[in-house]
Amino acid sequence: MTTPSAPREQWGSKLGFILAAAGSAIGLGNIWKFPYVVGENGGSAFIIIYLLCTAIIGLPVLVGEILIGRTTQRNPVGAFRALSGSRFWAGVGGMGVAAGFLILSFYAVIAGWSVGYIYESFSGDLFKYADPTKAAVHFEELTHDVVWIIGYFGFFMILTMGLVYAGVQKGIERGSKIMMPVLFLLLIFVMIRGITMEGSGAGLEFLLKPDWSHVSGQTFLIALGQAFFTLSMGMGAMLTYGSYMSKKDSVPSSALQILLLDTAIALVAGIAIFTSVFATGLDAAAGPGLIFHTLPVVFMKMPGGEIFGPIFFILLSIAALTSAISLLEVITAYFVDEKGWTRHRAVIVFGSVTFLIGIPSALSFNVLSDTTIFGLNFFGLVDYLTANIMLPLGGLLIAVFIAYVWKFDKALIELKNGAERLFNKNPLLITLWQIFIKFFAPVLIFLVLLHSTGILDVLGL
Ligand code: PHE
């Protein structure tokens with residue numbers, strides 16, 4: 001796949017696409033980020049808004065994003081250009097590539113923590129800190145150590161680069177097929193342990209009884225951002241994976257399966273963490289360290305925890321890896337397709353660049369922890385800018401592009417490939433997709449983005 005005329009690699013099967021795309025979607029977003037943003041934003045009211053964002057905006061836009069990729073068989077920039085011939089829209093693809101760099105740069109820092117915790121749990125250190133407060137203190141100590149944090153961050157980047165270097169099918173598809181189901185099973189174990197702990201009821205209540213008093217314009221933006229982030233949407237990762245998909249496979253049913261798997265994992269992770277957080281008296285709003293404060297305690301209290309602990313962190317690191325490779329793949333596909341670079345050169349150069357961009361994020365937990373911009377540290381700022389602004393904006397533009405630039409009817413012809421049976425049986429789905437892509441998705445994203453700027457409050461709306 002070095003030149004546009006060479007036959008492009010494709011997934012080995014439909015299952016290959018679904019597993020790889022689910023591998024991209026399922027990652028730290030579900031297991032590390034979801035619980036902590038839920039904790040910071042008041043529990044179940046936030047979850048309800050997040051689920052609505054996923055269903056009303058996430059699904060139709062996800063279908064659209066995969067479709068653009070499958071139709072053009074290109075990277076984000078080339079795909080938008082091919083369908084519109086316009087430089088503006090190629091630039092929208094370019095924004096996705098930029099978001100890929102930024103997201104990977106902080107994502108790999110957190111993934112490094114997960115890798116570091118594999119060692120912690122194998123060496124038994126983790127269990128010395130099984131007391132909730134001690135676990136939190138130990139986490140602070142580790143992340144304050146510049147060598148620890150940058151070392152594991154760098155190590156994780158090398159792993160990611162290695163897999164993308166190996167190429168699409170060999171590197172990405174094979175790994176995802178085996179590990180994801182095991183991770184899911186293990187999370188279910190942790191969830192059962194959480195639910196059966198004494199005092200877990202308060203956690204369930206936190207997850208089930210909505211408290212709307214915490215909800216503001218920001219809550220909507222963060223929930224929308226979380227929906228995009230966890231589905232790997234709005235920056236071209238799903239578009240790029242879709243570009244390796246066969247026209248014989250159904251885009252809508254693949255998108256739905258990815259979304260259901262992704263949401264199920266987030267919810268199971270949420271239950272596992274909050275039952276444990278409340279049972280052990282930890283702080284639900286502890287922020288990015290939340291799962292690292294909580295899980296050591298849960299594993300300690302679990303029969304076989306010494307074995308499940310390390311396995312859990314191994315699988316979490318692998319889940320992070322299958323997401324990270326989709327981020328680096330977007331950047332790589334762009335330079336290979338558009339600039340004629342070899343895959344190997346693109347991976348080495350841009351993997352290294354991403355590492356450099358990520359250093360201030362890694363330092364945000366120690367040396368730079370007091371340096372804030374708009375009240376956020378560097379890590380928080382890059383996370384906020386990408387997840388809550390760039391991805392939803394990307395999603396808004398994808399919807400507008402399909403509806404008004406590519407034109408809905410042309411998109412529909414492509415969408416029908418592989419989904420003939422689905423649409424013959426349920427013709428209503430076409431109308432629904434049309435309404436959501438032309439109207440609901442763009443208008444709602446626009447309103448949420450606008451609301452978060454405070455402009456609506458100023459206008460008294
Ligand atoms: N969806 C991934 C996760 O939840 C993160 C990601 C975001 C991956 C955007 C690719 C693109 O961990």
Side-chain angles (χ1 to χ4, degrees), residues 18-38 50 53-54 58 61-62 65-66 69 75-76 93 95-114 156 160 163-164 172 176 179-180 183-184 187 222-243 255 258-270 288 291 315-334 354 358 361 382-395 398:
I18 291 183
L19 286 176
S24 166
I26 296 160
L28 296 172
N30 312 58
I31 296 166
W32 158 77
K33 195 172 185 194
F34 180 71
Y36 100 73
V37 288
V38 169
Y50 153 80
C53 290
T54 306
V61 177
L62 181 60
E65 182 174 334
I66 298 173
N75 67 89
M95 181 175 85
V97 177
F101 273 115
L102 292 174
I103 296 176
L104 184 56
S105 76
F106 75 83
Y107 197 85
V109 172
I110 312 295
W113 298 354
S114 175
F156 183 83
T160 308
L163 275 179
V164 179
I172 301 173
S176 310
M179 324 274 192
M180 291 303 114
L183 177 68
F184 198 29
L187 261 182
I222 294 169
L224 181 66
Q226 174 62 18
F228 272 81
F229 185 83
T230 187
L231 289 169
S232 305
M233 262 171 58
M235 49 73 67
M238 286 297 176
L239 186 157
T240 306
Y241 273 17
S243 76
I258 295 162
L259 183 139
L260 291 178
L261 275 174
D262 184 75
T263 311
I265 298 220
L267 294 177
V268 170
I291 67 163
L315 292 175
L316 181 62
S317 306
I318 292 168
L321 201 54
T322 54
S323 302
I325 50 187
S326 73
L327 288 160
L328 189 55
E329 179 62 29
V330 172
I331 305 165
T332 306
Y334 167 68
T354 310
S361 286
V382 182
D383 177 14
Y384 190 91
L385 179 73
T386 50
N388 300 344
I389 311 285
M390 291 172 94
L391 299 186
L393 189 62
I398 287 173

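Both counts, for ligands and for their atoms, begin at 1 and track the order of listing. Side chains are part of it too, since the values below use all heavy atoms of this structure and drop only hydrogens, waters and symmetry mates.
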What short N/O contacts, under 3.5 Å, does ligand 1 make with the protein, listed by atom pair and distance?
{"unit_1": "ligand 1", "atom_1": "1 (N)", "unit_2": "Ser24", "atom_2": "O", "d": "3.2"}
{"unit_1": "ligand 1", "atom_1": "1 (N)", "unit_2": "Ala25", "atom_2": "O", "d": "3.0"}
{"unit_1": "ligand 1", "atom_1": "1 (N)", "unit_2": "Phe229", "atom_2": "O", "d": "2.8"}
{"unit_1": "ligand 1", "atom_1": "1 (N)", "unit_2": "Thr230", "atom_2": "O", "d": "3.2"}
{"unit_1": "ligand 1", "atom_1": "1 (N)", "unit_2": "Ser232", "atom_2": "OG", "d": "2.9"}
{"unit_1": "ligand 1", "atom_1": "4 (O)", "unit_2": "Ala25", "atom_2": "O", "d": "2.8"}
{"unit_1": "ligand 1", "atom_1": "4 (O)", "unit_2": "Gly29", "atom_2": "N", "d": "3.2"}
{"unit_1": "ligand 1", "atom_1": "4 (O)", "unit_2": "Asn30", "atom_2": "OD1", "d": "3.4"}
{"unit_1": "ligand 1", "atom_1": "12 (O)", "unit_2": "Leu28", "atom_2": "N", "d": "3.1"}
{"unit_1": "ligand 1", "atom_1": "12 (O)", "unit_2": "Gly29", "atom_2": "N", "d": "2.9"}
{"unit_1": "ligand 1", "atom_1": "12 (O)", "unit_2": "Tyr107", "atom_2": "OH", "d": "2.4"}

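Residues passing the side-chain contact (heavy atoms from CB on, under 4.5 Å) test with Ala111, sequence neighbours excluded: Leu28, Phe156, Ala320. Every residue meeting the side-chain contact (heavy atoms from CB on, under 4.5 Å) condition with Leu259, not counting sequence neighbours, appears here in chain and number order: Thr54, Leu59, Leu231, Thr263. Remark: Thr230 engages Asn30, Tyr50, Gln226, Asp262 in a side-chain contact (heavy atoms from CB on, under 4.5 Å) (not counting sequence neighbours).
Across Asp383, Ile291, Ile110, Val38, a single residue satisfies side-chain contact (heavy atoms from CB on, under 4.5 Å) together with Lys33, and that is Asp383.
Ring geometry for Trp32 against Trp113 counts as perpendicular: the plane angle is over 60°, on a 0 to 90° scale with 30° as the lower cut.
With contacts defined as side-chain heavy-atom distances shorter than 4.5 Å, the pair Tyr241/Ile66 does not qualify.
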